[in-house]
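To keep things clear, I will list the structure first and then write my remarks on it.
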Protein chains: 2
Amino acid sequence: MEQIEQMKQIKQDGLKKLTEKSRLLSQCSLFQGIEPVVINEMLNCLEPKSCRYKKNDTIALAGEPFESIGVLLKGEALVIKETAAGHRSMMALLRPGDLFGEIVVFSKNSAWPATVIAQEESQALFISRRKLTGQCEQSCTWHRTIIENMLRIISEKAMMLNKKVEYLTIKSMRGKLSTFFLEQHRKAGTTTFRLPMKRNELADFLNVSRPSMSREMARMREEGLIDFHLETVRIINAEALRDMGE
Amino acid sequence: MEQIEQMKQIKQDGLKKLTEKSRLLSQCSLFQGIEPVVINEMLNCLEPKSCRYKKNDTIALAGEPFESIGVLLKGEALVIKETAAGHRSMMALLRPGDLFGEIVVFSKNSAWPATVIAQEESQALFISRRKLTGQCEQSCTWHRTIIENMLRIISEKAMMLNKKVEYLTIKSMRGKLSTFFLEQHRKAGTTTFRLPMKRNELADFLNVSRPSMSREMARMREEGLIDFHLETVRIINAEALRDMGE
DNA sequence: AAAAATCGGTAGCCATGGCTACCGAAACGT
DNA sequence: ACGTTTCGGTAGCCATGGCTACCGATTTTT
């Protein structure tokens, strides 16, 4: 009798786990717009590999061949790029629900371009490229959704990179700042707006040094182009800023 | 009798045109791996809009909403980015078979990010996003191929942009050159290789000025890191180069 | 073959911006 | 409330690299 109760418990735990997993996945951009219940069915068809990692374990190693997209389910992981000299630079911090390897899965060159390392005890899911595009006989409805999601995700990544290239291509400090401020202004719709990043992060985004950036912002204030205090920026002479954009 | 002959002729001309179009499309990355004959069938289902343009006509205008991917069939077109100041910069030159708008079709923000202008008498094909992902009842086989192509195309674009960002992020001249030379070396497999671009283009790619680049290359030669003559470059001290990569 | 255009190398000038160092203010942790 | 950390501003030094100008070589045009 006790045994039966125990088994029921195990089964319940299993179900709870499954629903927890699909609930987590329903938050993930790859499964956007799909009900957790449906995700459960899909997983049977997608046959994902689930892997657990301890702290400092290597989840993916740059250069290794691969054919799967990764989803971080639990924990925290770092995406790291190593230069030939062995110098490491952090590229991204992954949190539960984040994808990795999404750019590379569908390109010809199927080797991890970066290394992913678990920062704490983590769990990741890998879905193979074939399962993702492959049409299983039944339930093609959600398959279509997942492919549309995939297309959207990669497109948005490309758009983001494109924007980044635009900023990096601008040579002068003032040009970068002007372009950035005007973009924020356009987004906010008001002449006064708040910067979405700290100075350090902004300098990093524009690929300039923080002190040099502050210096230039001060100059622009002196010249009556903008005014600012901490995160708050007000555009005074929009025309002049526009003339700086390259 | 004569009328019948005439009609036959017209029909033949139509067929010739169709096969010419599909022959052209079979060269296009979007239809890679699909037989021209099959492409003909597909076109019925994809319902592309075909448009003709005269020289200097606007094929697509930045900011305008859109939902279609473009294929240049005939002629030549420029992709142009206009800054707020009205300053124009060329982004790409399109030739027959080239796609445009491929990054944006599947992103949420569906507005042309750049302007496309015909440089000569041209013809372009537009295929709507829905038709591209939509599954028509029959012939899902090639539909799958076209979606896989689409995924590959966007992924590769993202990879390319990613690589570009990597180069642009390197701050020092020497770092950029070292990284570039090492990459060429890796690709070629030999210590001596030929540069795939002219100096002007390389300087442009690395986002530096041509004379400064030449100067730095000369210095690197003096220091015994590399040797070069025109397009031919030989790596002498690979280790030292590696240490420069940021 | 002459003229023009393109291409690559070199030199000198100097503006831009990176870097270190330091300071005060704010935010955070305990 | 206190110490600690993070954040932003400022200053001075000077290396990096942009820019113009010029030259010779090669290629293309006519």
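Proteins come first, then strands; the chains are lettered A, B, ... in the order of their sequence lines, and each starts at number 1. Just so it is clear, the values below take in all heavy atoms, side chains as well, and ignore hydrogens, waters and symmetry mates.
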*Protein-nucleotide distance (B/K171, atom NZ; D/dA15, atom P), rounded to Å*: 18 Å
_Value in whole Å for how far the P atom of C/dG9 lies from CZ of B/R210_ = 8 Å
_Nearest-angstrom distance from the residue atom CE of B/M213 to C1' of D/dT20_ = 17 Å
_Nucleotide of D/dG8, C/dG17, D/dT10 approaching A/S212 most closely (side-chain heavy atoms)_ = C/dG17
Side chains of residues 68-79 of chain A: which donor-acceptor pairs under 3.5 Å do they make with residues two or more places apart or in other chains?
{"unit_1": "A/E76", "atom_1": "OE2", "unit_2": "A/R95", "atom_2": "NH1", "d": "3.3"}
{"unit_1": "A/E76", "atom_1": "OE2", "unit_2": "A/R95", "atom_2": "NH2", "d": "2.8"}

*A/K198 and A/E201 ion-paired at < 4.0 Å*: no
*Grab the CE-C1' distance between B/M217 and C/dC7 for me, whole Å please.*
13 Å
*How long is the line joining CG of B/L206 and C1' of D/dT16, in whole Å?*
16 Å
*A/N237 side chain to A/L225 main-chain N or O, any donor-acceptor pair under 3.5 Å?*
no
*asked:* Counting only side-chain heavy atoms from C-beta out, which of C/dC19, C/dT10, D/dC7 sits nearest to A/S209?
replied: C/dC19
*Separation of A/R199 atom CZ from C/dA25 atom P, in whole Å?*
17 Å
_Distance check needed: D/dG9 P versus A/K198 NZ, whole Å only._
12 Å
_B/E121/B/K54 salt bridge by N-O under 4.0 Å criterion_ = no
*Side chain of A/R215 - closest among C/dG18, D/dT10, D/dC19*: C/dG18
*If you find the nucleotide of DNA chain C closest to A/V208 and the one closest to A/L230, which residue's nucleotide is nearer the 5' end?*
A/V208
*Atom-to-atom span, NZ of A/K176 to C1' of C/dT16 - whole angstrom*: 12 Å
